[in-house]
Amino acid sequence: MGEQPIFSVRAHVFQIDPATKRNWLPASKHAVTVSFFYDASRSVYRIISVGGTKAIINSTITPNMTFTKTSQKFGQWADSRANTVYGLGFSTEQQLQQFAEQFKEVKEAARLAREKSQERFELANPALNIAAPQEFSEERHSPPLLTVNGPGEEKLFRSKSADVELTTEKERVKKMLSEGSVCDINMEAELFTLQDSNAKLVEALQEANSSVEQWKKQLAEYQEETDRLRDQVAELESQLGHPAAAQTGKEELSRSLEELEAMLSAKDQEIDNLQSRKTDVGELEKEREEAMQRLQDLERRNTELEDQVQCAEKTLASSREERDQVEVEVRQIIEVLDVKICDLNDLRQSLAKLIDK
């Protein structure tokens, strides 16, 4: 039966630079799936992640491993078999906490699996079990047998006991050295992680400062556009011959302009706050997205103002057309009156001639 996944999460994968042991090297361009697997046939737990067609993480969990959270969204562990240190960057603090808890559970399960494997090995090989020769242990405490066997047998027993104690001492020293080495690797990796995080924060702050300058330029352009629209509105209001309607439109446009200016002021305040604050890369990215959203809102608001200006221009054009139409009708009426006056004069002349006759 093959390996079964027991937990999966998406994260950015890093490995410590083998040359300098100081910097993190990205193992994936984007966030990839990182999974815990359990091999039931060998009772082995592994962390596996595949990027494209290549396995970027293949780490077997041992009881001596330790997962260390070095920041709110970053954690690492050292793998002595792979001779490297793995680092994972998560999008949320909750994902990091879930991975750390799963690592702790798998580490404990690996310890229990190793103990069970050792017990099965001791039962299957009784000659290697120290507590197995019960009769020999009883002979050690039996004075008659010691007298019969003589000093040669007693010396042999003491030699075996010394070998067992020496082997136990060697295993204890080896375990202490292994744990000390792992601790040194973890401390060194944590130091590298802190240095790398600091460098990333400085780089992110520089990028944020450059973005702030671009936002300022865009805001200045929007301010100029707002002033231009305000001048156009004032000009249209002076040309319109309807004071009441013009006053209503002016009030609406004034409110819109005030809202736009308030949004611009709030944006300036956010920019000042951004310059005086250092946050991690994720928070800066989130704030940049929010700022871009607000800029899009400003663009949409400017579009609405332009639509209002176009409506006002259409209204002005319509008023001019109506005025021209009225002038044409008045001219036609005057022409008709002129014709009727001429006819009336002719009629008067005819009546005068009749009267004279």
Side-chain angles (χ1 to χ4, degrees), residues 204-277 279 282-346:
L205 183 60
Q206 292 175 354
E207 293 179 357
N209 289 332
S210 62
S211 299
V212 165
E213 295 298 329
Q214 295 179 358
W215 294 339
K216 282 187 175 180
K217 290 180 181 179
Q218 292 181 359
L219 290 174
E221 293 176 358
Y222 288 140
Q223 187 66 41
E224 292 177 358
E225 183 69 15
T226 301
D227 295 337
R228 185 181 65 81
L229 292 175
R230 185 186 291 121
D231 295 338
Q232 289 183 359
V233 170
E235 183 179 357
L236 290 174
E237 289 176 352
S238 63
Q239 293 178 0
L240 288 173
H242 304 285
Q247 184 65 24
T248 303
K250 181 179 179 180
E251 291 177 356
E252 293 179 355
L253 291 175
S254 298
R255 285 196 299 269
S256 300
L257 292 174
E258 289 176 357
E259 293 177 358
L260 182 59
E261 290 175 352
M263 293 175 66
L264 291 174
S265 300
K267 183 60 187 173
D268 290 334
Q269 184 65 32
E270 290 180 1
I271 292 174
D272 295 336
N273 293 334
L274 181 62
Q275 288 178 333
S276 61
R277 185 179 60 205
T279 56
E283 293 177 353
L284 287 174
E285 183 67 21
K286 182 179 180 180
E287 291 183 1
R288 186 183 70 82
E289 292 177 356
E290 293 177 353
M292 292 299 296
Q293 182 64 34
R294 292 191 178 91
L295 288 176
Q296 292 176 359
D297 294 338
L298 290 176
E299 291 177 354
R300 185 171 62 254
R301 191 62 178 172
N302 282 336
T303 302
E304 293 176 356
L305 289 175
E306 290 178 354
D307 293 339
Q308 293 180 1
V309 171
Q310 291 177 359
C311 291
E313 290 177 349
K314 291 180 180 179
T315 303
L316 178 61
S318 177
S319 299
R320 287 179 177 176
E321 291 178 357
E322 291 178 357
R323 185 186 63 186
D324 294 340
Q325 184 67 26
V326 170
E327 289 179 355
V328 170
E329 292 178 356
V330 169
R331 289 194 189 97
Q332 291 177 354
I333 292 172
I334 291 173
E335 290 176 356
V336 171
L337 289 176
D338 290 338
V339 171
K340 289 184 178 180
I341 289 172
C342 291
D343 294 339
L344 183 60
N345 290 331
D346 293 339

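These values consider heavy atoms only, across backbone and side chains, with no hydrogens, waters or symmetry-generated copies. Along the sequence shown, residues carry numbers from 1.
For the atom pair L316 CG and C311 SG, the distance stands at 13.0 Å (nearest 0.5 Å). Here the CG atom belonging to L260 is positioned 10.5 Å from the CD atom belonging to E304, to the nearest 0.5 angstrom. Going from atom CD of Q269 over to atom CG of L264 covers 13.5 Å, rounded to the nearest 0.5 Å. In this structure, the separation between CD on Q308 and OG1 on T303 is 11.5 Å, given to the nearest 0.5 Å. Interatomic distance, CG of L298 versus CG of L305, reported as 10.5 Å (0.5 Å rounding). To the nearest 0.5 Å, the span separating CD on Q310 from CD on E306 amounts to 7.0 Å.
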Side-chain atoms of residues 218-236: list all donor-acceptor pairs with protein atoms under 3.5 Å, sequence neighbours left out, distances to 0.1 Å.
{"unit_1": "Y222", "atom_1": "OH", "unit_2": "E299", "atom_2": "OE2", "d": "2.6"}
{"unit_1": "E225", "atom_1": "OE1", "unit_2": "R228", "atom_2": "NE", "d": "3.4"}
{"unit_1": "E225", "atom_1": "OE1", "unit_2": "R228", "atom_2": "NH2", "d": "3.4"}
{"unit_1": "E225", "atom_1": "OE2", "unit_2": "R228", "atom_2": "NH2", "d": "2.2"}
{"unit_1": "T226", "atom_1": "OG1", "unit_2": "Y222", "atom_2": "O", "d": "2.8"}
{"unit_1": "D227", "atom_1": "OD1", "unit_2": "R230", "atom_2": "NH1", "d": "3.0"}
{"unit_1": "R230", "atom_1": "NH2", "unit_2": "E261", "atom_2": "OE2", "d": "2.6"}

What side-chain donor-acceptor pairs closer than 3.5 Å can you find for residues 290-297, not counting sequence neighbours?
{"unit_1": "R294", "atom_1": "NE", "unit_2": "E270", "atom_2": "OE2", "d": "3.3"}
{"unit_1": "R294", "atom_1": "NH1", "unit_2": "E270", "atom_2": "OE1", "d": "3.1"}
{"unit_1": "R294", "atom_1": "NH1", "unit_2": "E270", "atom_2": "OE2", "d": "3.3"}
{"unit_1": "R294", "atom_1": "NH2", "unit_2": "E270", "atom_2": "OE2", "d": "3.3"}
{"unit_1": "D297", "atom_1": "OD1", "unit_2": "R300", "atom_2": "NH1", "d": "3.2"}
{"unit_1": "D297", "atom_1": "OD1", "unit_2": "R300", "atom_2": "NH2", "d": "2.7"}

Show your working on salt bridge (charged side-chain N to carboxylate O under 4.0 Å, His left out) between R255 and E258 and close with a plain yes or no. CA-CA 5 Å; R255 285 196 299 269; E258 289 176 357; over 6 Å; no
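Under the 4.0 Å criterion applied to side-chain N and carboxylate O atoms, K286 and E289 are not assigned as salt-bridge partners.
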